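Worksheet: one structure, shown below.
Everything numeric here is computed off the predicted structure, so don't read it as measured data. For the numbers below, each heavy atom of this structure counts, side chains included, while hydrogens, waters and symmetry mates do not.
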Amino acid sequence: MVQLQSPVVRDSHETWPAQGDVVEVRRVTRAGVEPRYYLLADEEPIQQLRIEFEVAGPPAEEFKDYEVKELEIQTSPEEEIIFYYGRIGVVRGNVLLLNPQLRERWGLDKYKDPKRGIQEGVIAGFIDPVVSPAYDPSPWSGFWVLGNNVWPVLRGWNPHSYPIRVAVIIYPVKFTAIEVTRENLPELYEKLERRLIKTRTLYVHAVKPVE
């Protein structure tokens, strides 16, 4: 069973993950970094999701959070390890922020005001149709969900005084993963330890709990 306090994370790769890739999960604790390797064994595309929700606008509601439970993340921890990977395409006219799990990873702690980030050319916390078009989502928008019964949380932004309906499309893929250890896959484990095989590295910060 994969037990992670920060279940929604990013990696730095700009390609879709595929069956046969190795994901290196680096769990950051006060004691140090604990790396674990997972082989993506089976790949199962999931139907794309169109998510829409209304944000009233200031002064009542400039931001609104939406938990994407439509992703239907399900797994049996006793039997298998399930990872999900998804990309987000934003429908024209919208700006999206990811919250709360991705605040630190995508710069939302530093740029709480979207206007400041956009003015300074920092897109770390923000996705719009230029950064990630609805029907051709950018690799930059990719995120991972590790574990079970957790969902990404989308934060819509409406700076206008009238309501807007935020609309995005999520393109998810489900992977069944096998943990690579010295005992069950010794040859592969040895190559990974010697850095002979490139991994997709995910950093999970366990010292700071999810809000």
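Rounding to the nearest 0.5 Å gives a distance of 6.0 Å between OH of Y84 and CD1 of I82. The OH atom of Y189 sits 4.5 Å away from atom CZ of R182, with the distance rounded to the nearest 0.5 Å. Here the CD-CG distance, from Q19 to L39, works out to 8.5 Å after rounding to the nearest 0.5 Å. In this structure, CG in L192 is found 11.5 Å from CZ in R194, a value given to the nearest 0.5 Å.
Closest non-hydrogen pair, P137 versus S132, comes out as CA-OG, 3.3 Å.
Residues satisfying the side-chain hydrogen bond (donor to acceptor under 3.5 Å, both in side chains) criterion with Y37, sequence neighbours excluded, are E193. Scored by the ring pair (Phe, Tyr, Trp, His ring centres under 6.0 Å) test, Y162 finds H160 as partners (sequence neighbours excluded). For E61, there are no side-chain hydrogen bond (donor to acceptor under 3.5 Å, both in side chains) partners at least two apart in sequence or on another chain. With sequence neighbours left out, the side-chain hydrogen bond (donor to acceptor under 3.5 Å, both in side chains) criterion links E43 to no other residue. Listed by chain and number, the residues in a side-chain hydrogen bond (donor to acceptor under 3.5 Å, both in side chains) with R195 are E24 (sequence neighbours excluded).
With a 4.5 Å cut-off on side-chain heavy atoms, N158 and F63 do not count as touching. Side-chain contact between V168 and V91 is absent, with no heavy atoms from C-beta onward closer than 4.5 Å. Here the side chains of P17 and V23 are not in contact, with every heavy-atom distance at 4.5 Å or above. Looking at heavy atoms from C-beta onward, I170 lies in side-chain contact with V68 at the 4.5 angstrom threshold. The shortest distance between side-chain heavy atoms of V173 and I46 does not fall below 4.5 Å. In this structure the side chain of R87 reaches within 4.5 angstrom of the side chain of W16, judged on heavy atoms.
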>> side chain to side chain contact (heavy atoms under 4.5 Å, CB included) for W144 and R200? Distances and angles first, verdict last.
In response: CA-CA 11 Å; W144 287 87; R200 302 180 68 98; 3.8 Å; yes
> What do the steps show when you test Y85 against F175 for side chain to side chain contact (heavy atoms under 4.5 Å, CB included), and what is the final call?
Replying inline: CA-CA 8 Å; Y85 177 83; F175 291 99; 4.2 Å; yes
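Put simply, F143 and V166 are part of the same group of oily side chains (I, L, V, M, F, W, Y) that touch within less than 4.5 Å, one to the next. When hydrophobic clusters are built by joining Ile, Leu, Val, Met, Phe, Trp and Tyr residues whose side-chain heavy atoms come closer than 4.5 Å, directly or via intermediates, L188 is not grouped with I178. In this structure, V180 is not a member of the same hydrophobic cluster as L202, with clusters built from ILVMFWY side-chain heavy atoms closer than 4.5 Å.
Checked by atom type and distance alone, the side chain of N184 pairs as donor or acceptor with a backbone atom of E179 at under 3.5 Å. A donor-acceptor pair under 3.5 Å is formed between the side chain of D21 and the backbone N or O of A18.
In this structure, the ring of F83 has its center less than 6.0 angstrom from the ring center of Y38.
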Which donor-acceptor pairs under 3.5 Å do the side chains of residues 49-59 make with protein atoms, sequence neighbours left out?
unit_1 : atom_1 : unit_2 : atom_2 : d
R50    : NE     : E52    : OE2    : 2.7
R50    : NH2    : E52    : OE2    : 3.2
E52    : OE1    : R165   : NE     : 3.2

